[in-house]
S.K.: 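Here's a structure for you.
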Amino acid sequence: MTDLPFTLDQLRILKAIAAEGSFKRAADSLYVSQPAVSLQVQNLERQLDVPLFDRGGRRAQLTEAGHLLLSYGDRILSLCEETCRAIEDLQNLQGGTLIVGASQTTGTYLLPRMIGVFRKQYPEVAVQLHVHSTRRTAWSVANGQIDLAIIGGEVPPELQESLEIIPYAEDELALILPAYHPLARQGIVQKDDLYKLQFITLDSQSTIRKVIDQVLTRSGIETRRLKVEMELNSIEAIKNAVQSGLGAAFVSISAIEKELQMDVLKRTRIEDVVVNRMLSVIVNPNRYRSKAAQAFIEEVLPQFSTHVPSPAHDGHGSMAAAVLPVET
């Protein structure tokens with residue numbers, strides 16, 4: 001085949017229509033007219049000699065051929081973006097883009113500080129932060145849409161062979177209480193004291209909730225006996241609820257630095273129990289690793305964990321586990 005039957009612009013249009021569900025919204029997202037989008041689709045279908053959309057319904061639905069082209073088109077566009085980043089790298093970090101991913105808690109509380117450090121050293125590099133679930137973030141790394149990510153959950157089994165999963169740091173999930181709570185003054189509580197508390201948690205399907213339940217169960221605590229007062233969908237909401245005296249909660253130590261400094265929340269320890277989860281850095285070893293990504297891994301990551309020598313490897317190709325520092 002000497003001439004390809006499609007252009008990159010046509011693939012971008014196809015992807016936009018599939019994402020937006022209509023020709024008009026796709027045209028708006030691409031800042032072109034709807035007739036221009038329709039014409040490109042007609043040309044593409046004529047060149048391929050197959051229909052790409054079922055035009056009977058209100059929403060633009062891809063045909064089987066359309067889904068197939070979209071699947072390959074995503075990979076082609078991703079590779080084009082990777083090529084552009086590789087070429088930008090020739091400027092030796094005087095430009096280009098670094099795309100970092102994270103799961104919810106690390107993306108909200110840890111990554112902004114890391115990116116701030118990186119931007120001070122490399123102000124010409126544009127940095128994007130994508131915060132999603134661990135599963136979605138892992139797939140984005142696998143597809144080359146994200147350069148590297150820091151996650152607190154488990155990588156989907158189907159991706160574990162294709163991604164490099166590097167243990168990075170232990171993140172303590174601390175028990176927090178209102179500053180005026182009687183148990184907060186003790187500093188250390190007994191396991192049986194947990195059954196007297198009312199807990200505010202994330203929903204039962206969240207990664208953090210599962211980690212907490214697993215660690216408590218291994219420590220001899222019957223999680224079914226813990227009284228869950230309410231389930232909320234954000235760490236900020238949980239912290240505010242605890243601060244208002246509605247209950248106790250387990251949250252990442254990285255999420256409560258300001259509250260501990262302001263003395264509006266108290267971090268309480270459980271005798272003989274430490275609730276930790278492992279944060280991991282994930283990268284795709286089969287994708288081009290930009291100089292910006294390499295600089296972030298070697299120069300920024302070690303600054304946010306203790307006992308990790310730069311570039312923080314254990315001699316077996318894995319980053320040594322460490323404990324995240326926290327100001328108290």
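This one's a predicted model, so the numbers in the text were calculated from it and none came from an experiment.
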S.K.: Give every residue pair that meets the side chain to side chain donor-acceptor pair (under 3.5 Å) criterion with at least one member in residues 179-188, sequence neighbours excluded.
M.R.: none

S.K.: Is it the case that the side chain of Arg267 and the backbone of Ala184 share a donor-acceptor pair, with hydrogens and angles ignored and the cut-off at 3.5 Å?
M.R.: no

S.K.: Without hydrogens or angle criteria, can the side chains of Asp171 and Ser252 be said to hold a donor-acceptor pair below 3.5 Å?
M.R.: yes

S.K.: For the pair Asn284 (side chain) and Leu163 (backbone), establish whether a donor and an acceptor sit closer than 3.5 Å, ignoring hydrogens and angles.
M.R.: no

S.K.: Does either side chain, that of Gln243 or that of Glu259, offer a donor lying less than 3.5 Å from an acceptor on the other one?
M.R.: no

S.K.: Given Asn43, which of Gln40, Glu45, Arg46 fulfils the side chain to side chain donor-acceptor pair (under 3.5 Å) condition?
M.R.: Arg46

S.K.: Is a donor from one side chain sitting under 3.5 angstrom from an acceptor on the other, for Glu170 and Asn276?
M.R.: yes

S.K.: Under the salt bridge (charged side-chain N to carboxylate O under 4.0 Å, His left out) rule, collect the residues that match up with Glu81, sequence neighbours excluded.
M.R.: none

S.K.: Under 3.5 Å, side chain of Glu298 to main-chain N/O of Ala295, donor-acceptor pair present?
M.R.: no

S.K.: Please list all pairs meeting salt bridge (charged side-chain N to carboxylate O under 4.0 Å, His left out) that have one or both residues in residues 197-221, counting only residues at least two apart or in different chains.
M.R.: Arg209-Asp213, Arg209-Glu231

S.K.: Looking at Val215 and Val275, what are the two nearest heavy atoms and their distance?
M.R.: CG1-CA, 3.9 Å

S.K.: Are Phe53 and Phe23 near enough that their ring centres are under 6.0 Å apart?
M.R.: yes

S.K.: Tell me, with the steps shown, if Arg25 and Asp28 meet salt bridge (charged side-chain N to carboxylate O under 4.0 Å, His left out).
M.R.: CA-CA 5 Å; Arg25 287 196 294 271; Asp28 291 342; over 6 Å; no

S.K.: Within the distance-only criterion (no hydrogens, no angle test), does the side chain of Arg289 pair as donor or acceptor with the backbone N or O of Pro285 below 3.5 angstrom?
M.R.: no

S.K.: Can you see whether Tyr109 engages Glu236 through a side-chain donor-acceptor pair at a distance of less than 3.5 angstrom?
M.R.: yes

